[in-house]
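Let me begin by presenting the structure, written as structure tokens, before commenting on it.
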Amino acid sequence: MFLLDVRYDPETCTITKWIKDSRCTPVREVYYPRAYISLEGKPDLRHLITSLPGVREVCSEKKSTFLGREPEEVICATVDPGSIYVTASMLEAKGCGLYNIDLDPVRQYLLEHCLFPVAKLKGDDPHAIDYEIPEFTSMNLSVLPAKERGIVTFDDPIRSIISGDTVIEDKDEAEMIGSMESEIAASDPDIILTENGDSFDLPYLYHRAALHSIDLQLGREKDVMLHRGARSYFSYGRILYKPGGYLLSGRLHLDASSFLFREGGLPGLVDLARITGIPLQELSRLSPGSAVTALQVNQALHDGVLVPWKRNLAEHWKTAEELLIADRGALVIEPEVGLHENVFEIDFASLFPNIMVNHNISPETVLCACCKDSRHRVPFTDYNICERRIGLIPRVIKPLVERRMAYKKRIAADPARAEEYEMKQNVLKWLLVTSFGYMGFNKARFGRIECHESITAYGREILLTTMELAESAGFEILHGIVDSLWVKGRDPEKLCELVTRKIGIPLELKGEFRWIVFLPNKSNGTGALNRYYGVMKNGKLKVRGIEMRRSDMPRLIINLQEAMLKRLAEAKTASEFYTRIPDAIQVLRQYTRSLLNNEFAPADMVFETRVSRSWDDYRQFNDRAAALQQYRQEGIEMQPGQIVRYIITDHRSKSYKKRVVISELSDENTRYDSTKYYEYLMRAAESILLPFGYTAHRLDEMMKGKIQWNLCEF
DNA sequence: ATCACCCGGGG
DNA sequence: GTGTACGGGTGAT
């Protein structure tokens, strides 16, 4: 017996717990979330609160209103979620402090009742590492529209529906939908698994059903609801598009294309749902950053710390200019361009999370008021760090690091379940990675820019120390960045041991390269920080930064670089490497010939890129703008963050119809712009061979037979 | 020359 | 409702 899902209906103020036993049944309960109000020395307001809309019960409690602050008397009110924002705004206008206003009622309920998603209802602990993942029954669902070519829209009727092992087709559309519904009702799965179900299959199905006046039900109860509307948002320095989520009642719709599902699968999601308290359907649609925030909020609530309404407006956010100065010391060792033999790569494991834990970095501990003379000072900045208490962030991160390590150990120790543990540790890795960036994010609940700075400062100091240790152990340092070093020398394991002992964070030997090529910056020839390729001792290629690593590049370019590198990778030594260069150039020659003979399939020529704005917001007319206008012509309004696919047909054309063809409209007769693709081929080859004297220009001349082999030297 | 615009990371 | 800042490349103006 376990808790499959929990939902809250703000209209009726009802919690619904879906409990899976031999059957899956809803258990309902009326629940009002709690809000907290600090009067800030205006006791006369107390009576007012009881009379405000939606307020039910009022009492006093002792809570901390800010991280690191002593508990004080505040007012706790249970409030109708329907009127909470109105009430909160009124009190805010009167100068009150408002807390726990926008917490998810489901999470509040679960925390108050010591429950969590996927819990066994008796004797289960959310922090347990060894627990049983229940046997979910699952069904795959996908819908195919009847359209051979061109852009699919919701106006195209359904061709077929695949639900589980059944293919429903060759029937009237309404009948197909009906068959699917009975199929789902009969097998009664706990999970409906789709690929892109949020962005296509489910909205499409509901739309088609509505046309036949069918009130579609995919859940175990009516009430299918939209999790959130589709939206574009800014993340990771770029605009991303997120379709609205389609959530079901009593049944979990999981979209396998969502980030957390891809990275962790069902085991990773279940693990995360248990520790964050976020139900699976919502959780699968969140970013790792949101999951980290959830853990921080849980910890705060557990500690009796209230969560301020609205975002964290810390006293002092640095201007862009100040930030630049603080970051100026970022430690990077410019790589030595060219070919190197027998190189070791050594990396710190989870450097930033370990720094946060080891150095107690948290918004309330960095520059705390209570330990101005603390012995703990942040390098390069002289910020003091609290000596009296361990901060919220380390208390959240430490168990995460330990949990991940425990899973990593089990991968080796328990091969039968290795895959499951791998997925769990992988999700946790993402939480740890984002926990750092979140510190510098000015909308983070518990972020603070000084924490961000402190972490990078410690990082710099650690890498510097490591370099000194390496150099005094006789190593030559070829390249270094953030948490990694590339070195030449003897006995790297011993070095790792030494550094691990001195620093207290594991330094690991990541790999040994037979040879590695650090690539130059194409514009100024200096070492580029993250462009290299090399072959490890086990024969595996490692490539970073060049075209083949980019998701927007056509298959053609990726194939070319893969083929060229495959030739080079046959070399076991540096001197063998040089003899393979002509082979690599021969590959380029073949590609060039095929290209000019129009032998490549349109599918190999497609650029795939995420647009940052809508068609009329582009200030420059480029390939993306042309593609967007073409989509629009076809009746599709692409939103910022959505992905467009196009083939370049006439790069110099000013006409959006001539310049590119969006891939949905391309066919075997599409004529690509061979001049432009030729240019891309030369440049991609240049990316690989530039350190050896082959520029795109020179390669071009070689292809055209203007230069003979013996003239090309380096 | 300068600005616009897109991508990466880890495994 | 939730990652920054930056390096790198290419293309438009």
Side-chain angles (χ1 to χ4, degrees), chain A residues 102 104 227-229 231-240 242 262-263 282 285-294 296-297 310-312 318 320 323-324 326-328 330 332 334 347 349-350 352 408 422-423 425-426 429-447 449 452-453 455-456 481-484 510-511 519-524 526-531 540 542-553 607-613 617-625 640-641 643-644 648 651-652 654 676 679-680 683-684 686-687 696:
Chain A
D102 48 359
D104 178 12
H227 175 220
R228 252 176 242 137
R231 67 193 197 285
S232 302
Y233 66 101
F234 191 71
S235 155
Y236 233 104
R238 77 184 82 158
I239 306 255
L240 298 178
K242 184 168 193 156
R262 268 205 327 267
E263 292 297 320
E282 285 87 350
R285 289 160 175 87
L286 293 180
S287 67
S290 310
V292 173
T293 305
Q296 294 169 354
V297 169
K310 306 196 174 167
R311 67 195 177 87
N312 176 355
K318 284 196 165 41
L323 258 179
L324 199 68
D327 273 356
R328 185 149 292 170
V332 279
E334 187 179 295
D347 295 4
S350 295
F352 288 171
K408 283 184 103 169
E422 171 56 34
M423 291 193 268
Q425 79 83 17
N426 198 42
K429 180 196 76 195
W430 275 108
L431 294 207
L432 292 172
V433 168
T434 49
S435 63
F436 159 69
Y438 232 62
M439 282 285 201
F441 178 43
N442 67 354
K443 292 195 183 84
R445 293 252 191 203
F446 299 104
I449 196 65
H452 197 272
E453 276 174 49
I455 296 163
T456 54
I481 185 163
V482 188
D483 59 355
S484 309
K510 197 72 166 291
L519 295 166
N521 189 315
K522 278 187 179 179
S523 50
N524 61 20
T526 60
L529 299 185
N530 211 7
R531 286 167 70 85
K540 277 191 76 171
K542 185 167 179 181
V543 186
R544 288 295 178 270
I546 64 174
E547 288 84 345
M548 61 178 275
R549 298 285 301 180
R550 292 176 63 108
S551 61
D552 57 343
M553 280 293 144
F607 286 84
E608 190 173 309
T609 173
R610 203 180 282 283
V611 292
S612 61
R613 50 195 73 224
D617 285 338
Y618 271 88
R619 283 163 285 189
Q620 283 185 173
F621 179 70
N622 55 24
D623 295 340
R624 270 122 7 226
I643 288 169
V644 297
I648 300 177
H651 187 68
R652 312 192 81 115
K654 293 271 177 259
K676 193 66 201 169
E679 209 181 310
Y680 273 108
R683 284 204 293 238
E686 179 192 75
S687 292

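All chains are named by letter (A, B, ...) in the order of the sequence lines, taking the proteins before the strands, and each is independently numbered beginning at 1. All heavy atoms count here, side chains included; hydrogens, waters and symmetry mates do not.
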For dT10(C), does either OP1 or OP2 sit under 4.0 Å from a side-chain N or O belonging to Lys522(A)?
-> yes
Is a side-chain donor-acceptor pair under 3.5 Å present for Ser687(A) with Glu547(A)?
-> yes
Rounded off to whole Å, could you give me the NZ-to-P distance for the Lys676(A) and dA12(C) pair?
-> 7 Å
Test side-chain contact (heavy atoms from CB on, under 4.5 Å), reference Arg610(A), set Ile643(A), Val644(A), Asp552(A), output is Ile643(A)
Rounded off to whole Å, could you give me the CG-to-P distance for the Asn426(A) and dG9(B) pair?
-> 15 Å
In plain terms, say whether Lys676(A) and Glu679(A) are close enough for a salt bridge, that is, a side-chain N and a carboxylate O under 4.0 Å apart.
-> yes
Would you please confirm or rule out a distance under 4.0 Å between OP1 or OP2 of dG3(C) and any side-chain N or O of Ser287(A)?
-> yes
Considering only heavy side-chain atoms of Trp430(A), the closest of dT2(C), dG3(C), dC6(B) is dG3(C)
Can a side chain N or O of Arg544(A) be found less than 4.0 Å away from OP1 or OP2 on dG10(B)?
-> yes
Between dC7(B) (P) and Arg531(A) (CZ): distance, integer Å = 16 Å
Separation between the C1' atoms of dC6(C) and dG9(B), rounded to whole Å = 13 Å
Out of dC7(B), dT10(C), dG9(C), which nucleotide sits closest to the side chain of Tyr680(A)?
-> dT10(C)
At under 4.0 Å, does any side-chain N or O of Arg624(A) touch on OP1 or OP2 of dC5(B)?
-> no
Gap between atoms CE and C1', on Met548(A) and dG8(C) respectively (whole Å) = 17 Å
Under 4.0 Å between a side-chain N or O of Asn521(A) and OP1 or OP2 of dG9(C)?
-> yes
Closest to the Phe621(A) side chain, choosing from dT13(C), dG7(C), dC7(B) = dT13(C)
Ignoring the backbone of Val433(A), work out which of dG1(C), dG3(C), dG11(B) is nearest its side chain.
-> dG3(C)
Just by distance, with hydrogens left out, do Ser350(A) and Lys429(A) show a side-chain donor and acceptor under 3.5 Å apart?
-> no
Checking all strands, does Ser290(A) fall into the base, sugar-phosphate, or nothing category for heavy-atom contacts under 4.0 angstrom?
-> base
If you check every side-chain atom of Arg549(A), which of dG11(B), dT2(C), dA12(C) has the closest atom?
-> dG11(B)
From CE of Met553(A) across to C1' of dC5(B) the rounded distance in Å is 13 Å
Is Arg531(A) reaching over with its side chain to a backbone N or O of Gly545(A), donor-acceptor style, under 3.5 angstrom?
-> yes
Candidates dT2(C), dG10(B), dC7(B) - which lies nearest the side chain of Lys429(A) | dG10(B)
Starting at CZ of Phe436(A) and ending at P of dT4(C), how long is that distance when rounded to a whole Å?
-> 11 Å
Tell me what Lys542(A) touches on the nucleic acid: a base, only sugar-phosphate, or nothing, going by heavy atoms under 4.0 Å.
-> nothing
Check if the side chain of Glu263(A) and the base of dG10(B) share a donor-acceptor pair of N or O atoms closer than 3.5 Å.
-> yes
Counting just side-chain N and O atoms, does Tyr618(A) come under 4.0 Å of either OP1 or OP2 of dC6(B)?
-> yes
Testing dG11(B), dG7(C), dG9(C) for proximity to the side chain of Leu529(A), the answer is dG7(C)
Distance between the C1' atoms of dG11(B) and dG7(C), in whole angstroms?
-> 23 Å
Which nucleotide sits closest to the side chain of Arg683(A): dT10(C), dG10(B), dG8(C)?
-> dT10(C)
Thr434(A) side-chain proximity, nearest of dG10(B), dG3(C), dC5(B) | dG3(C)
Along DNA chain C (nearest heavy atom to each residue), the more 5'-positioned of Arg619(A) and Glu686(A) = Glu686(A)
Using the side chain to side chain contact (heavy atoms under 4.5 Å, CB included) rule, take Val433(A) and Phe352(A) through it: C-alpha gap first, then chi angles, then the decisive distance, then the call.
-> CA-CA 8 Å; Val433(A) 168; Phe352(A) 288 171; over 6 Å; no
For Asp552(A) and dC7(B), give me the distance from atom CG to atom P, rounded to whole Å.
-> 5 Å
Gap between atoms CD and P, on Glu334(A) and dC6(C) respectively (whole Å) | 18 Å
Go through the side-chain N and O atoms of Ser290(A) and Thr293(A) and say whether any donor and acceptor fall under 3.5 Å apart.
-> no
Check whether any side-chain nitrogen or oxygen of Ser551(A) sits under 4.0 Å from OP1 or OP2 of dG8(B), and answer yes or no.
-> yes
Check whether any side-chain nitrogen or oxygen of Ser523(A) sits under 4.0 Å from OP1 or OP2 of dG8(C), and answer yes or no.
-> no
Nearest to the side chain of Thr293(A) - dG9(C), dG9(B), dT2(C)?
-> dT2(C)
